[in-house]
> 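Following this message is one structure expressed as structure tokens.
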Amino acid sequence: MWFLLMFVVALLIVYMTHLVYRWNNPKCNGTLPPGSMGLPLLGETLQLFSSQSSFNIHPFVKKRMERYGPVFKTNLGCHPIIISTDSEFSHFIFQQEGKSVELNVWFMDSFKRVVEKLNMSVHKYIRNMVLGYFGTEKLKQTLLLEMEEMARRNIDIWSKQASVEVKEVTTTMAFGLASKKLFSYDQSKYSDNLKDMFTGFLQGLIALPLNIPGTAYHKCLKDKNRAMGVLKEMVKERLNSYASDHQEDFLDVIIGEMKGDDPLFDVEGATYLLFGILLASFETISLTLTLAIKFISEDPAVLKELTVIDETLRLGNINPMMFRKATRDIERNGYTIPSGWAILVCPPAIHLNPEKYQDPLTFNPWRWKGQGSSNTVSKNFMPFGGGMRLCAGAEYAKLQMSIVLHFLFTKYRWTKIKGGEIIQTFGVVFPNGLHIKVTENS
């Protein structure tokens, strides 16, 4: 009896040892980058979700860069991942879109399944649709005036309040313009606020993926499904009432495509397209504006030359993780990325690299002088992605932020307050006395 028990225990130990070995040494037809796969099942997920209180590179990434180099392996949420903090390697990955990598974003999996059924280059088609409506020519023709009117109206509203929380009011403003241009959204027609659904979704997007009631991730999924429900009803309603000569918002463009002889989208696909574009159309703008106002208030000299957008995007790192997935084995720099592995490009590590940017944690908008009028993307600057998936709305976002900052700091006086006391004042004063008070934690 004791012999049998000892034999079973020995087999169990051998089996567990084998599992741990296989976990820490994944199969690869070549050499994997250095790194650790962490604990079985958990990987290094808990370390990634540790808090961060500065603009510096996340401690999880920084520690592994120092230990393993700019490209390393790990396991997050039971998914093997290669993380790149190297500009050349990241640029190479972006150039492999459609060849050996594909987009890997969990909340768009359903949309991915929809478009994978289609026998055409879907992303290129969608990009052309977006550029046709939000691109440079459209910006020159109509969107510029609408952005100016939006900025004037919202800033005037802020100036009449006792104080404002910058992130909240800029989110409301950017969401309002984006939802209007996308599908003529009218909040008064709905009992629930669509903006709140998207905000709730974003708050749990990078949370520990534990789908249990009460967790941020569970609420994230719930808010996503609620938002999808609202958008799907909009698509159905517009589909039934569409007139071919009615081209006022982007949803009309989508419906026009759906009414064609060989439609690209069905209702589900159109809904996911709206969801993805709206998600990318307001959070980037509101977060960057909030950071720009913070940086400018700390350095009034910048007011003399409002060329702050690129520097804010570099420091703010509003898109801290860009995911791709290897569709076949990839050989690069002596390492192999196995087919099926996720690839995480980490822009903060690139944007804060002291070899590329002198004093990388210092807010210095003048560092961009002499580099042309637009620094939308390069190997060392990728706030809007890169390669085929370079954000089609990049110029739309940068123009909207520039307009808001222009009106904000040339037409108004700002007062920074803490505990009801003024601690800093900046901006200009006009005869009408309009000013805006901002709490210090904005």
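Numbering of residues begins at 1 and proceeds along the displayed sequence. Values reported hereafter were calculated over all heavy atoms of this structure, with side chains retained and with hydrogens, waters and symmetry mates removed.
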> With no hydrogens and no angle check, just 3.5 Å: does a side-chain donor-acceptor pair link Thr171 and Lys167?
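Judged by distance alone, the side chains do pair up.
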> Decide, yes or no, whether a salt bridge links Glu168 with Lys195 under the criterion of side-chain N to carboxylate O below 4.0 Å.
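So Glu168 pairs with Lys195 through a salt bridge.
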> What donor-acceptor contacts under 3.5 angstrom involve side-chain atoms of residues 314-324, with partners at least two apart or in another chain?
from, atom 1, to, atom 2, distance (Å)
Arg314, NE, Glu311, OE1, 3.0
Arg314, NH1, His351, O, 2.9
Arg314, NH1, Pro360, O, 2.9
Arg314, NH2, Glu311, OE2, 2.9
Arg314, NH2, Pro360, O, 2.9
Arg314, NH2, Thr362, O, 3.3
Asn317, OD1, His351, ND1, 2.7
Asn317, ND2, Arg314, O, 3.2
Asn317, ND2, Leu315, O, 3.4
Arg324, NE, Glu97, OE1, 2.9

> Not counting sequence neighbours, which residues clear side-chain contact (heavy atoms from CB on, under 4.5 Å) with Arg67? List them please.
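With sequence neighbours excluded, Arg67 shows a side-chain contact (heavy atoms from CB on, under 4.5 Å) to Lys63, given in chain and number order.
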> Less than 4.0 Å between a side-chain N and a carboxylate O, is that true for Asp310 and Lys398?
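Yes, this pair counts.
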> Only counting residues at least two apart or in another chain, list the ones meeting ring-ring contact (aromatic ring centres under 6.0 Å, His included) with Phe363.
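Phe363 satisfies ring-ring contact (aromatic ring centres under 6.0 Å, His included) with Phe295 only.
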> Sequence neighbours left out, what passes side chain to side chain donor-acceptor pair (under 3.5 Å) with Glu331? Give chain and number order.
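With sequence neighbours excluded, Glu331 shows a side chain to side chain donor-acceptor pair (under 3.5 Å) to Thr336, given in chain and number order.
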> For the residue pair Phe201 and Phe275, does the interplanar ring angle fall in the parallel (under 30°), tilted (30 to 60°) or perpendicular (over 60°) class?
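Correct class here is perpendicular.
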> Run the numbers on Gln358 and Asn364 for side-chain contact (heavy atoms from CB on, under 4.5 Å), then give the verdict.
CA-CA 10 Å; Gln358 186 177 4; Asn364 176 19; over 6 Å; no
> Taking all non-hydrogen atoms of both residues, which atom of Trp341 and which atom of Pro26 are closest, and how far apart?
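Residues Trp341 and Pro26, closest heavy atoms: CZ2-CB, 3.6 Å.
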> Using 30° and 60° as the class limits, which term best fits the ring planes of Phe60 and His58: parallel, tilted or perpendicular?
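Answer is perpendicular, since the angle exceeds 60°.
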> Checking Asn211 now: which residues fulfil side chain to side chain donor-acceptor pair (under 3.5 Å) with it, not counting sequence neighbours?
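Applying side chain to side chain donor-acceptor pair (under 3.5 Å) to Asn211 gives His218.
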> Taking Asp156 as the fixed residue, which of Lys160, Arg153, Arg152 is the one that meets the salt bridge (Lys or Arg N to Asp or Glu O under 4.0 Å) rule?
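Only match with Asp156 under salt bridge (Lys or Arg N to Asp or Glu O under 4.0 Å): Lys160.
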> Could you pull out the closest heavy-atom pair between Gly38 and Asn24, with the gap in Å?
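Closest heavy-atom pair between Gly38 and Asn24: O-OD1, 3.6 Å.
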> May I have all residue pairs that pass side-chain hydrogen bond (donor to acceptor under 3.5 Å, both in side chains) and include part of residues 77-91, sequence neighbours excluded?
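Output for this query lists Ser84-Ser90, Ser87-Asn380, Glu88-Lys379.
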> Angle class for the Phe92/Phe89 ring planes (parallel below 30°, perpendicular above 60°, tilted otherwise)?
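Aromatic pair Phe92/Phe89 classed tilted.
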